[in-house]
Amino acid sequence: MLAGVAVALARDGWSVAVLARGRPRLATLERRHGAIRGVSVDYADAAALERAIAGVPPADLVVAWIHSTAPDAAGIVARLAARPVAFVHVLGSAARDPAANPAAAEIRALAGVDYREVVLGFVREGGVSRWLTDEEICGGVLQAIRSGRARSVVGVLEPWSERPGST
């Protein structure tokens, strides 16, 4: 879902490494965009993640969307990143409460890390709600990266009772 972010950053001159589980999709990104390097790894496997990251050149910018099934992964990525580093942590709408992100305190405590959160919400249109499209997610994450704000929200988070599928 963040492929558009990787492509936009590569077009802006960044050297981009994408960590993801699906090797076929990574291969497609690499083939279409020579500046993107794919690293296939199951980020829920902490040891495998550490080994995979060890082979990636140090990063000045990390954009990480790591699901709750891998609670240690964001901290691992942040600890192994270069310093200084901007760490942009993409979170689902359940993280609308900043206290709901336990990795944040650990990452913020690391020297040389500019920790930022991007919380993905939903869209309300014509009395109905829907989840963000991939394009909206990518556009919002890119805007958040460029703004440098500590916390950004893409879409809306309230009223929580109106999120898609809540009725």
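Computed over heavy atoms, backbone and side chain alike; hydrogens, waters and symmetry mates excluded. Model, not experiment: these values are computed from the prediction.
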Is any side-chain heavy atom of [X] less than 4.5 Å from a side-chain heavy atom of [Y]?
X	Y	answer
L49	L19	yes
V123	V156	no
Y43	V77	no
L9	L61	yes
R83	V113	yes

Among V18, V141, V118, exactly one meets side chain to side chain contact (heavy atoms under 4.5 Å, CB included) together with V63. Which residue is that?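 It is V141; the other options fail the test.
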Quick check: does any side chain N or O of S129 sit under 3.5 Å from a backbone N or O of E125, one acting as donor and the other as acceptor?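 Flag not set: sc S129 to bb E125 has no pair under 3.5 Å.
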Side-chain donor/acceptor of E30 to backbone N/O of R37, under 3.5 Å: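 It does not hold such a pair.
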For [X] and [Y], work out which heavy atoms get closest and say how close.
X	Y	answer
S40	R23	CB-CD, 3.7 Å
E136	V154	O-CG1, 3.7 Å
A144	R116	O-NH1, 4.4 Å
L142	G4	CD1-O, 4.5 Å
G38	L26	CA-CD2, 4.0 Å
E106	G75	OE2-CA, 3.7 Å

Under 30°, 30 to 60°, or over 60°: which ring-plane class applies to F87 and Y115, parallel, tilted or perpendicular?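 Ring orientation of F87 relative to Y115: parallel.
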Apply the test salt bridge (Lys or Arg N to Asp or Glu O under 4.0 Å) to residues D12 and R146: give CA-CA distance (whole Å), side-chain angles for both, the deciding distance (0.1 Å), then the verdict. CA-CA 12 Å; D12 287 350; R146 293 173 179 139; 2.8 Å; yes
Using side-chain contact (heavy atoms from CB on, under 4.5 Å) as the criterion, list what pairs up with A59, not counting sequence neighbours.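 Expected list: V62.
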Over 12 non-hydrogen atoms of neighbours within 6.0 angstrom of CZ in R25: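 Open: at most 12 neighbouring heavy atoms sit under 6.0 Å from CZ of R25.
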Tell me whether I36 is reachable from I137 by hopping between hydrophobic residues (I, L, V, M, F, W, Y) whose side-chain heavy atoms are closer than 4.5 Å.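 The answer is yes; both residues are in one hydrophobic cluster.
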